[in-house]
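First the structure, in the form of structure tokens, and then the observations on it.
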Amino acid sequence: MPPQVEIPKDSWSGSVTTVTLGATAAEGGTRSHTVTVGGHKSLPFMHFEQKMSHRPVVALEIKDHRPEDWSPLLLELWGQAANDPASWAKAAEQAGAELLVLSLSQTGSDGNPTTPETAVAAVQSVLKASGLPLLVFAPGQAELDNTLLVPVAEATRGERLVLGICEDKNYRTIVATAMANDHLISTRTPMDVNLAKQLNILVRDMGIPTDRILMDPTTGALGYGIEYGYSVMERLRLAALQGDGNTQSPMIVTPGAEAWKAKEAKIGHDVPASWGDWKERAINWETLTAVALIESGADIVVLRHPESLRRVRAAIDELMI
Amino acid sequence: MPLSGIQIYKLLPKTNCKDCGLPTCLAFAMKLAAKQIELAACPHVKADAKAQLADAAEPPVRLITLKTGGAGAREVKSGNETVLFRHEKSFINKPGMFLRVRDDDPIASIQAKVAAAEAYTVRYVGIDLTLDGFAVQATAPFDPARFANVVSAVRASSKRPLILIARDVAVMTAGLRAIDGESPLIHGADASNWEAMAGLAKQHHAPLVACADSLDGLADLTGKLKAKGIDDLVLDPVSRQLGAALTRQTQIRRLALKKDFRPLGYPIIAFPGDATDPTQEAVQAAQAITKYAGFIVLERFAPEMIYPLLVLRENIYTDPQKPIQVLPGLYEINNPKPTDPVLVTTNFSITYFSVANEVEGAGLPAWLLIVDAEGMSVLTGWAAGKFDAERIAKAVKESGIANKVTKHRLVVPGHVAVLSGELEEELPTWEIRVGPREAVDLPAFMKQAL
Ligand code: B12
Ligand code: SF4
């Protein structure tokens, strides 16, 4: 008679907040459907304790105009589609994106700073081209971010867009406009559990409901600091399950942007032969960064290459069984 | 449940004779409870106490070592892990990564695969990363002679540790005989062949993999093998699908660590090479690295997959308390002359090597001044006040670089352009130049702007 192994099950007092992105016509927006993340009552994919409520989702990042600093592999792949945000959005949806992230550039293709008018136009053209819920990330310069995101939020009232990125310097304006116009926010702190908690306290103090907050604890790419991002996410998720209310937002991370910044993904010439085939290496770089982070607690991963998206989604399919 | 320090103390001679190198028996007991010393370090433990202490002396995940001898010999250690999450302390023994060959492939192609993998090294932050060994798999229809032949061929091409994979006892016997005197990892024992496999493991002093597709089955099997005197075991929970593998491997690690459940207190072997979709091999291997595998068997020798996996393994197994660092000081790249430029950066390994590799790779001579930023990257160091004008100025002065170059011109990373004003004050005789933000753009910058 074989021994009965008693499987230890964790039971947690806390859970991750459920957050729904996007609004359909019935809900006051124009999205063809919504996407819900979070709700977890156990560590990722521990279905034997608690069936995981909502699966992690994969977003693709698109830009307001052709980004000359992206890897030639990506630019070649998206081809003509990358020339304008609407056709890029369509192509990304066709490639299987579950969400779109439109990241606004600091400057337009003419070299001048991005204007509120062009930002609003880009967002509206994307909303028209695709029914997917949308996240709009400003360039990351506190002042410019505010001047771009406020008109974007006002022009898209009721869509439940995610506005980013709220950092300690600029969160006030973004949170206020998100609340006034029925949107969500994404916060970002540099790979530190306490900073993540602090920012969460600050934004909640402004009165934004918790079901409108996503948090980005920041990550590094494989080989460039992933271990910090990985461990910070594990710690945040453990804290959330232990009942710490300031860590319970679903987590979003950007392995695509990080991985494609790494030389291993970005560059194909003058690199050691031991790095192997460029394209396959780049996709592995992005895919492995993303999968590791999903297993440490990411609810949304933002990628750049459709083949990475396909592989990561296939992995999530298997993990959800 | 593991014994506490006090419980252990009660079983010791309590003479404080210091033969163990510690001042008191209590100090020894505490160290043993923390698994920081071996029971054998105390020569005076009585036999009956030894039996009771044996379990306490065992690490929760048994250490399994695969070793080969002679030139090109290698060692792979797996097990001895003490935490579920790396931030709690650190993961310790990196999982061994093995490349599999099958005995129904033509010998020539097997040899080519082994030779390529054997020669493979890739440099990451100054460390040469390689695969650890090879796995030889018997395929149906089983043929002992063919298996033995392939094992010999692999051994002729590589001196690294081997894993032999065959459930058929005659085949395994032949394989082991082909490398007589060695102790490869034997894969493996299952509910039907375990007695014979145990015999082989004993005869060859080889560690043995127990295979069963349920935890009950695994625990049952390891119990029987242990009763036969086999201590060195590895677990194959036969879950070749990501979700099931994650669940089982987590359960096994939890049982070993939290419940001190001896029947599952062994390293786990994973087979990403069995992924049905070849593009998922890398994904499965990545999960195996982050989630508790001790041995990983890959199928394809593809540098574009091996390299990221070896890097992931380095990253996940670094000690979270200590970022990998290089020694601060002045580094000479490509034999610089007094007229060549001085570049400054931090002592975080990843930062140092991303800069040094670019400059070196481009064949450009330069002086690279490494500031002690306590192992932080450029921006992290800057944000934390560990890479500021004062520290940079100090490094310039202490390095004596002023006497080595005729052109007093210092290039700072583009990300910390804000430091240039202060630096000009700190180093009035130096011209401060702001370089590009990314190291990739350094060679072009050096050629054009310097
Ligand atoms: C990993 C990381 C950490 C790790 C530390 C890793 C380490 N050992 O340094 C941890 C988690 C500990 C950490 C902590 C903090 N971090 Co941090 N961290 C990062 C992260 C994700 C990656 C940094 C990294 O490793 N990059 C890779 C290395 C290779 O880059 P690098 O050193 O810059 O080198 C490149 C270039 O600068 C260039 N280069 C380098 N040298 C030279 C020299 C010359 C001459 C030239 C031309 C070029 C050049 O080449 C390299 C490759 O291109 C970044 C965000 C990001 N994704 O970049 C934030 C980031 C650097 N961190 C940040 C902050 C604020 C912090 C904290 C202060 C937060 C806090 N209060 O806790 C702490 C400070 C540390 C402390 N007090 O303990 C901020 C800095 C913001 C700013 N602009 O000032 C960043 C940018 C995140 C953000 N967006 O807010 N961090
Ligand atoms: S050697 Fe043994 S008996 Fe002597 S002090 Fe150490 S633990 Fe005590």
Side-chain angles (χ1 to χ4, degrees), chain A residues 1-8 10 43-48 190-191 220 222-228 230-232 234-235 238 261 263-264 266-267 270-285 287-289 291-292 295-296 307 310-312 314-315 317-321, chain B residues 85-87 120-125 214-220 223 241-244 246-247 250-251 254-255 258-259 261 263-264 277 279-280 282-284 286-287 289-291 302-309 311-312 314-316 318 320 350 354 357-358 361-362 377 380 383 438-440:
Chain A
M1 190 61 207
Q4 276 297 314
V5 179
E6 200 188 314
I7 292 169
D10 288 335
L43 288 170
F45 311 107
M46 295 292 110
H47 308 298
F48 67 98
M191 297 212 273
L222 177 58
Y224 296 86
I226 191 179
E227 65 274 33
Y228 297 97
Y230 180 88
S231 285
V232 165
E234 284 196 331
R235 290 171 57 200
L238 285 166
K261 220 164 45 182
K263 184 173 178 182
E264 281 82 350
K266 197 169 181 182
I267 309 282
D270 296 333
V271 301
S274 52
W275 286 15
D277 176 73
W278 178 22
K279 182 172 161 223
E280 186 61 23
R281 172 179 79 238
I283 289 167
N284 275 330
W285 220 263
T287 302
L288 299 196
T289 304
V291 168
E295 295 200 354
S296 70
E307 175 60 16
R310 188 192 68 75
R311 294 184 192 183
V312 172
D317 287 344
E318 264 194 56
L319 285 162
M320 286 305 290
I321 297 172
Chain B
F85 302 101
R86 58 185 292 285
H87 66 258
Y120 184 77
T121 69
V122 63
R123 209 148 230 265
Y124 168 69
V125 299
S214 74
L215 297 191
D216 282 342
L218 265 182
D220 180 47
Q241 184 267 359
L242 278 175
L246 177 65
T247 305
T250 305
Q251 290 170 340
R254 278 193 198 169
L255 280 158
K258 288 178 144 177
K259 302 284 174 202
F261 185 69
L264 297 179
D277 169 358
T279 65
Q280 291 293 314
V283 171
Q284 292 208 4
Q287 174 177 289
I289 289 167
T290 57
K291 294 294 175 184
E304 57 275 11
M305 171 181 86
I306 308 277
Y307 173 39
L309 289 173
V311 170
L312 182 64
E314 288 302 306
N315 291 167
I316 293 295
T318 51
I350 303 177
S354 47
N357 289 348
E358 286 306 334
S377 77
T380 314
E438 301 302 331
V440 200

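Just so you know, these numbers come straight off a predicted model, no measurement behind them. In what follows, chains carry the letters A, B, and so on, assigned in the order in which the sequence lines appear, proteins first and then strands, with residues in each chain numbered from 1.
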Side chain, backbone, both or neither: which part of B:Val440 has a non-hydrogen atom closer than 4.5 Å to chain A? side chain

Considering only heavy atoms, which portion of B:Ala302 lies under 4.5 Å from any heavy atom of chain A: side chain, backbone, both, or neither? neither

Looking only at A:Glu307, A:His47, A:Arg310, most heavy-atom pairs under 4.5 Å shared with chain B are made by A:Arg310

What is the minimum heavy-atom distance between A:Ser274 and B:Pro303, and which atoms define it? O-CB, 3.5 Å

Please confirm whether the backbone N or O of B:Glu304 pairs with a side-chain atom of A:Asn284, one donor and one acceptor, at under 3.5 Å? yes

Does any heavy atom of chain B fall under 4.5 Å from the side chain of A:Glu6, the backbone, both, or neither of them? backbone

Given that the side chain runs from C-beta out, which part of B:Phe85 has a heavy atom under 4.5 Å from chain A: side chain, backbone, both or neither? both

Heavy atoms of A:Ser231 and B:Arg86 approach each other most closely as OG-NH1, 2.6 Å

Does any backbone or side-chain atom of B:Gln241 lie under 4.5 Å from a heavy atom of chain A? Answer side chain, backbone, both or neither. both

What part of A:Pro8 is in contact with chain B, defined as an atom under 4.5 angstrom from a non-hydrogen atom: side chain, backbone, both or neither? both

Beyond-backbone contact of A:Leu319 with B:Gln287, side-chain heavy atoms, under 4.5 angstrom: yes

Would you call A:Glu318 and B:Asp277 a side-chain contact if the rule is heavy atoms closer than 4.5 Å? no

Please classify the contact between B:Pro308 and chain A as side chain, backbone, both or neither, with a heavy-atom cut-off of under 4.5 Å. both

Heavy-atom side-chain contact between B:Leu246 and A:Met46 under 4.5 Å: yes

Measuring heavy-atom distances to chain B, does A:Phe48 have an atom under 4.5 Å in its side chain, in its backbone, in both, or in neither? side chain

Do you know which of B:Leu255, B:Val125, B:Ile289 has the most heavy-atom pairs with chain A at a distance under 4.5 angstrom? B:Leu255

Testing the basics here: between B:Asn315 and A:Gly223, what is the closest heavy-atom pair and its distance to 0.1 Å? OD1-N, 2.8 Å

Go through the atoms of A:Pro44 and report whether side chain, backbone, both or neither lie under 4.5 Å from a heavy atom of chain B. backbone

Segment of B:Glu314 engaging chain A (4.5 angstrom heavy-atom cut-off): neither

Under 4.5 Å heavy-atom distance to chain A, tell me which part of B:Thr279 shows up: side chain, backbone, both or neither. both

Does the A:Tyr224 side chain pair with the main chain of B:Ile350, one donor and one acceptor, at a distance under 3.5 Å? no

May I ask you to name which of A:Arg281, A:Glu280, A:Arg311 has the most heavy-atom pairs under 4.5 Å with chain B? A:Arg311

Structural part of A:Asp317 lying under 4.5 Å from a heavy atom of chain B: neither

Check: B:Asp216 main-chain N/O paired with A:Gln4 side-chain donor or acceptor under 3.5 Å: no

Quick one: does A:Glu295's side chain get under 4.5 Å of B:Thr290's, heavy atoms only? yes

Side chain, backbone, both or neither: which part of B:Thr121 has a non-hydrogen atom closer than 4.5 Å to chain A? backbone

SB check A:Lys263 B:Glu358 (cutoff 4.0 Å): yes

Options B:Ile306, B:Leu218, B:Thr380, B:Thr250, ranked by heavy-atom pairs under 4.5 Å with chain A, top entry: B:Thr250

Whether A:Tyr230 side chain and B:Ile316 backbone form a donor-acceptor pair below 3.5 Å: no

For the pair A:Trp275 and B:Tyr307, name the ring-plane relationship: parallel under 30°, tilted 30 to 60°, perpendicular over 60°. parallel

Find the one option among B:Gln284, B:Met305, B:Gln280 whose heavy-atom pairs under 4.5 Å with chain A are most numerous. B:Gln280

Could you tell me which portion of A:Ile283 (side chain, backbone, both or neither) has an atom closer than 4.5 angstrom to a non-hydrogen atom of chain B? neither

Measure distances from B:Leu312 to the heavy atoms of chain A and classify the residue's part below 4.5 Å as side chain, backbone, both or neither. both

